[in-house]
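Scroll down for the structure; my scribbles are underneath it.
We number each residue from 1, following the sequence as shown.
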Amino acid sequence: RSFALLSAILLGDKSAMEKSDQQVFSETGTMHVMAVSGLHVGLIATLIFSLSPKIPGKRRAWLRFAVLMIGIWGFVLISGAKPSAIRAGLMFSLFFMGRALDRNGHPLNALFVAMFAMCLFNPRIIYDLGFQFSVMAVMSILIYTRYITPFYKPESAFLNGLWQITSVSIAVQVLLAPLSIYYFHQFPVAFIPANLIALPLASILLIGGILTIFIFLFFPIVGKSMGIIMDGICQTGFELLTLLHQTSSWNLSDLWPET
């Protein structure tokens with residue numbers, strides 16, 4: 001189970017997961033952590049950016065950009081180059097290119113450029129569910145998070161982190177809920193508490209999984225030990241989600257008439 005879940009989170013490959021396990025994520029509104037998208041590419045980019053060589057001046061900026069492009073697009077290709085991954089790769093490429101040129105651009109502009117480029121290359125991609133959900137999720141986060149976050153301003157860093165995750169979870173549903181109701185005739189009521197578990201879990205497993213693989217190549221014993229830790233975290237997180245899923249009926253179903 002841990003291997004299947006790690007494969008789904010790291011590479012977006014859900015083929016090894018049992019249908020019942022996929023249903024837990026689907027009905028709690030956390031299936032998005034298994035689609036290689038902005039969360040995954042963003043964490044990869046942050047990891048590479050923090051570890052990239054420190055070279056002064058413009059050379060540093062362009063060297064980092066080159067390293068980031070290799071890392072980002074290498075990950076996109078390894079994960080199967082799905083629409084959500086390509087969209088995220090294009091967005092972060094534009095963002096970091098702007099940083100290298102000392103220009104600040106709006107993320108929505110990067111999203112629209114990525115959408116246009118993908119539709120220009122393959123016009124039929126607009127009918128792809130992964131493309132629709134990926135684009136609408138990012139658009140919803142970029143537009144609505146800034147309006148939701150100011151409603152509560154916790155003093156502690158821990159509560160602030162929880163509120164940030166909650167704000168994003170609410171914001172993403174503004175535009176995703178209509179799509180979910182239209183295509184799947186259901187709405188996950190428990191998306192807020194479920195995402196408080198799923199988002200940190202996905203971040204830890206993604207970064208920890210990548211580091212474990214690299215460390216295992218050079219220090220197998222240390223890598224195996226980290227693998228055991230990742231397995232424990234994976235099992236604990238999934239059990240919490242399963243418990244939340246089983247607590248009650250967390251889905252509003254039959255919300256759209258069948259055609």
Side-chain angles (χ1 to χ4, degrees), residues 5 7-17 19 22-23 25-45 68-69 71-98 105-145 168-188 191 194-195 198-199 202-203 206 255-256 258-259:
L5 184 55
S7 297
I9 291 177
L10 284 173
L11 302 174
D13 181 12
K14 298 184 286 289
S15 60
M17 287 189 69
K19 292 295 183 181
Q22 292 188 39
Q23 188 176 8
F25 285 89
S26 175
E27 294 187 356
T28 54
T30 55
M31 184 65 85
H32 60 89
V33 301
M34 298 182 183
V36 178
S37 58
L39 171 67
H40 300 71
V41 178
L43 288 172
I44 294 292
L68 282 164
M69 291 304 97
I72 288 173
W73 288 104
F75 180 71
V76 169
L77 292 174
I78 290 173
S79 64
K82 298 178 178 66
S84 59
I86 295 173
R87 189 269 312 153
L90 285 171
M91 283 191 66
F92 278 98
S93 297
L94 293 169
F95 172 77
F96 285 110
M97 181 181 290
H106 198 286
L108 275 175
N109 291 338
L111 174 62
F112 292 141
V113 171
M115 289 169 54
F116 178 76
M118 294 176 70
C119 290
L120 191 64
F121 180 76
N122 178 16
R124 294 187 62 83
I125 200 172
I126 198 170
Y127 299 108
D128 184 273
L129 285 187
F131 176 78
Q132 293 179 20
F133 274 83
S134 173
V135 167
M136 296 304 283
V138 175
M139 189 182 301
S140 197
I141 290 171
L142 292 177
I143 294 174
Y144 296 108
T145 302
V168 172
S169 301
I170 296 172
V172 76
Q173 291 298 331
V174 174
L175 296 181
L176 280 195
L179 281 180
S180 179
I181 292 171
Y182 177 74
Y183 284 115
F184 306 116
H185 317 294
Q186 62 183 22
F187 176 74
F191 66 90
N195 276 283
L199 288 177
S203 302
L206 182 61
L255 296 177
W256 192 273
E258 297 283 353
T259 57

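- Within the 3.5 Å criterion, the main-chain N or O of N195 finds no donor-acceptor partner in the side chain of S169.
- To the nearest 0.5 Å, the span separating CZ on F96 from CD1 on I72 amounts to 5.5 Å.
- Counting heavy atoms from C-beta on, the side chains of Q173 and Y144 never come closer than 4.5 Å.
- In this structure, CZ in F112 is found 13.5 Å from CG in L94, a value given to the nearest 0.5 Å.
- For the pair V76/W73, a side-chain contact is recorded, criterion being any heavy-atom separation below 4.5 Å from C-beta on.
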Which atom pairs, one a donor and one an acceptor, fall under 3.5 Å between side chains of residues 80-90 and the rest of the protein, sequence neighbours left out?
unit_1	atom_1	unit_2	atom_2	d
K82	NZ	S79	O	2.9
S84	OG	V36	O	2.7
R87	NE	S134	OG	3.0
R87	NH2	S134	OG	2.7

Pairs of donor and acceptor atoms involving the side chains of residues 115-132, under 3.5 Å and at least two apart or interchain, shall be tabulated with distances.
unit_1	atom_1	unit_2	atom_2	d
N122	OD1	R124	N	3.4
D128	OD1	G130	N	2.8
D128	OD1	F131	N	2.9
Q132	OE1	Y183	OH	2.7
Q132	NE2	I126	O	2.9
Q132	NE2	Y183	OH	3.4

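- A114 approaches M91 most closely through the heavy-atom pair CB-CG, 4.1 Å.
- Taking the side chain to side chain donor-acceptor pair (under 3.5 Å) definition, one finds that Q22 meets it with nothing, sequence neighbours left out.
- With rounding to the nearest 0.5 angstrom, the CG atom of L176 is 6.5 Å from the CZ atom of F133.
- Between I143 and the options L108, V174, V138, a side-chain contact (heavy atoms from CB on, under 4.5 Å) holds for only L108.
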